[in-house]
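All values below were derived from every heavy atom in this structure, side-chain atoms included, with hydrogens, water molecules and symmetry-related copies excluded. For this chain, numbers begin at 1 and follow the sequence in order.
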Amino acid sequence: MSATMYFDYCGTPIGPLLLAADATGALTHLDLPHERRPTTPQPDWRRAPERFDAARRQLEAYFAGTLTAFDLPLGPRGTAFQRQVWAALCEVPYGTTASYAEIARRIGRPAAVRAVGAANGANPIGIIVPCHRVIGSNGSLTGYGGGLPMKRYLLEHERRHAPPPRLVLQG
């Protein structure tokens, strides 16, 4: 497999996002504006806007409020534990939140709340892997790579556009 990396930028209501993908087309990075630890395209990365057409379309639909689940090949690089946490983040439904403790329980590691927080903070594909949906156990907004105002914006955006809960009649 080639180590070639590709990148481009995607304009959004929250500012330009840096998208990066490996040679297979799997998204490895989505950097938010004002990211604490921004990814910088390396000198050997190639700018290739056409490789990000699907991601751009899905992000546009997400910000328009018409897409609630992304369907893109993902290739985040991280430890086995981080990837387990990131997979659990993808199970938090659009328009809802979960606590760090809840994510730790979901992955079978209830005592690993701090480690879950660290893995959440290391998520290289924000928005698509929805780390913004993780909040404190008391319901408070906690750290976010793009800053708390951006986290608040994303959560409010999803709540506004979330489909109404389905009613199920019993009996």
State, yes or no, whether a side-chain contact exists between Met5 and Asp44 at a heavy-atom distance under 4.5 Å. no

Lys/Arg-Asp/Glu bridge criterion (N-O < 4.0 Å) met for Asp8, Arg47: yes

Looking only at atom types and distance, does a side-chain atom of Trp86 sit under 3.5 Å from a main-chain N or O of Ala119, one as donor and one as acceptor? yes

Any side-chain heavy atom of Phe81 sitting closer than 4.5 Å to one from Ile107? yes

Cluster overlap Leu67 with Val92, hydrophobic side-chain contacts below 4.5 Å: yes

Any side-chain to backbone donor/acceptor pair from Thr28 onto Ala20? Under 3.5 Å, distance only. yes

Tyr62/Thr68 under side chain to side chain donor-acceptor pair (under 3.5 Å): CA gap, chis, key distance, verdict: CA-CA 6 Å; Tyr62 171 82; Thr68 61; over 6 Å; no

All heavy atoms of Ala98 vs all of Arg106, minimum pair found to be CB-NH2, 4.3 Å

Heavy-atom donor-acceptor pair, Arg83 side chain to Gly78 backbone, under 3.5 Å: yes

Hey, does Asp22 have a side-chain heavy atom less than 4.5 Å from the side chain of Tyr6? no

Tell me if a side-chain donor or acceptor on Gln82 pairs with a main-chain N or O of Thr79 at a distance below 3.5 Å. yes

Scan Leu59, Val129, Leu18 and name whichever one has a side chain to side chain contact (heavy atoms under 4.5 Å, CB included) with Leu30. Leu59

Would you please classify the geometry between the Trp45 ring and the Phe7 ring as parallel, tilted or perpendicular, with 30° and 60° separating the classes? tilted

Min side-chain heavy-atom separation Pro16-Cys10 under 4.5 Å: no

Please step through side chain to side chain contact (heavy atoms under 4.5 Å, CB included) for the pair Thr97 and Arg159, ending with a clear verdict. CA-CA 10 Å; Thr97 57; Arg159 285 187 188 120; 3.7 Å; yes

Test side chain to side chain contact (heavy atoms under 4.5 Å, CB included) applied to Asn138 and Ile135, step by step: CA-CA 8 Å; Asn138 64 0; Ile135 60 173; over 6 Å; no

Between Lys151 (side chain) and Thr142 (backbone), is there a donor-acceptor pair under 3.5 Å? yes

Could you tell me if the side chain of Ile103 sits less than 4.5 Å from the side chain of Asn120, heavy atoms only? no

Tell me whether Tyr144 is reachable from Tyr153 by hopping between hydrophobic residues (I, L, V, M, F, W, Y) whose side-chain heavy atoms are closer than 4.5 Å. yes

Taking atom CZ of Arg105 and atom OG of Ser99, what is their separation to the nearest 0.5 Å? 5.5 Å

Hey, does the side chain of Arg56 reach the backbone of Tyr9 with a donor-acceptor pair shorter than 3.5 angstrom? yes

Can you find a heavy atom in the side chain of Val116 that is under 4.5 Å from one in the side chain of Arg109? no

Using 30° and 60° as the class boundaries, would you call the ring planes of Tyr94 and His157 parallel, tilted or perpendicular? perpendicular

